[in-house]
Amino acid sequence: AQSVTQLGSHVSVSEGALVLLRCNYSSSVPPYLFWYVQYPNQGLQLLLKYTSAATLVKGINGFEAEFKKSETSFHLTKPSAHMSDAAEYFCAVNPSGTYKYIFGTGTRLKVLA
Amino acid sequence: EPEVTQTPSHQVTQMGQEVILRCVPISNHLYFYWYRQILGQKVEFLVSFYNNEISEKSEIFDDQFSVERPDGSNFTLKIRSTKLEDSAMYFCASTGQGTEAFFGQGTRLTVV
């Protein structure tokens with residue numbers, strides 16, 4: 001079964017520092033991949049998606065992710081963290097042939113002043 | 001901007017009672033979903049719904065759960081006899097022609 005693994009349940013960065021949140025997928029066929037953000041007590045907001053077009057995907061709020069087939073990875077990055085980026089981030093895969101999403105366990109990002 | 005809306009935002013119910021969680025998906029979307037998130041855990045798929053029938057469901061979605069699209073706009077999740085372990089945030093989502101799912105703000109269900 002297809003799945004995603006998020007390394008690091010908690011990540012802390014200083015304001016202005018690089019944000020790197022890791023996601024690896026398991027699939028023999030490159031799936032559709034997504035990053036969602038969840039702010040406290042809110043729903044899930046789509047940050048960006050990979051659907052087999054460009055391997056470098058730009059999303060909202062300055063985030064981007066690079067699909068690397070050789071590493072089966074889809075890591076999320078942002079060059080400079082802002083306090084407002086503090087939230088939980090979920091990587092998700094849409095297994096081919098289905099319409100459901102399989103979510104990773106999430107990474108809680110803390111931004112330090 | 002169109003959005004998925006869920007009501008109520010918070011529901012408290014006694015164990016054994018029936019609850020209905022309501023969702024209004026984005027109007028031109030065709031696929032509808034329910035997910036749940038137990039506090040501190042990951043988001044889990046429950047069920048997908050297309051063309052007035054369930055297209056896929058997880059092992060969590062047992063006989064206590066049912067979904068319905070009673071009219072052209074609402075999509076509901078019913079839990080027949082709630083258990084303590086049903087306490088979670090329940091998210092409704094919908095997709096249209098694209099692949100991305102749009103999620104509602106969630107209903108926090110507390111079973112006491």
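Residue numbers start from 1 in every chain, and the chains themselves are labelled A, B, ... in the order their sequence lines are given, proteins ahead of strands.
- Around the NZ atom of A:K58, the shell of radius 6.0 Å holds no more than 12 heavy atoms that belong to other residues, nucleotides or ligands.
- A donor atom on one side chain and an acceptor atom on the other are not found under 3.5 Å apart for B:S87 and B:T110.
- Residue-level contacts of residues 37-63 of chain B with chain A, in order of numbering, are B:Q37, B:K42, B:V43, B:F45, B:E56; threshold 4.5 Å between heavy atoms.
- Looking at A:T105, the atoms closer than 4.5 Å to chain B (heavy atoms on both sides) sit in the backbone and in the side chain alike.
- Contact annotation for A:L44: both backbone and side-chain heavy atoms come within less than 4.5 Å of a heavy atom of chain B.
- In this pair, B:H29 and B:F102 present their aromatic rings tilted. The plane angle is within the 30 to 60° band.
- Both the backbone and the side chain of A:K100 have a heavy atom closer than 4.5 Å to some heavy atom of chain B.
- Between A:Y32 and A:Y50, the distance separating the two ring centers is not shorter than 6.0 angstrom.
- Residues A:S73 and A:N24 approach most closely at CB-ND2, 3.6 Å, considering heavy atoms.
- Between A:Y39 and A:Y89, the ring centre distance reaches or exceeds 6.0 Å.
- Ring geometry for A:F90 versus A:F103: interplanar angle over 60°, hence perpendicular rather than tilted (30 to 60°).
- In this structure, the portion of A:F34 lying under 4.5 Å from any heavy atom of chain B is its side chain and not its backbone.
- Looking only at distances, a side-chain donor or acceptor of B:D71 sits under 3.5 Å from a matching main-chain atom of B:S73.
- Heavy atoms of A:Q38 lying under 4.5 Å from chain B belong exclusively to its side chain.
- In this structure, B:R69 places its CZ atom where more than 12 heavy-atom neighbours from other residues, nucleotides or ligands lie under 6.0 Å away.
- Proximity to chain B (any heavy atom under 4.5 Å) is shown, for A:T98, by both the backbone and the side chain.
- Note: A:G43 leads A:G43, A:S9, A:G104, A:A92 in heavy-atom pairs under 4.5 Å with chain B.
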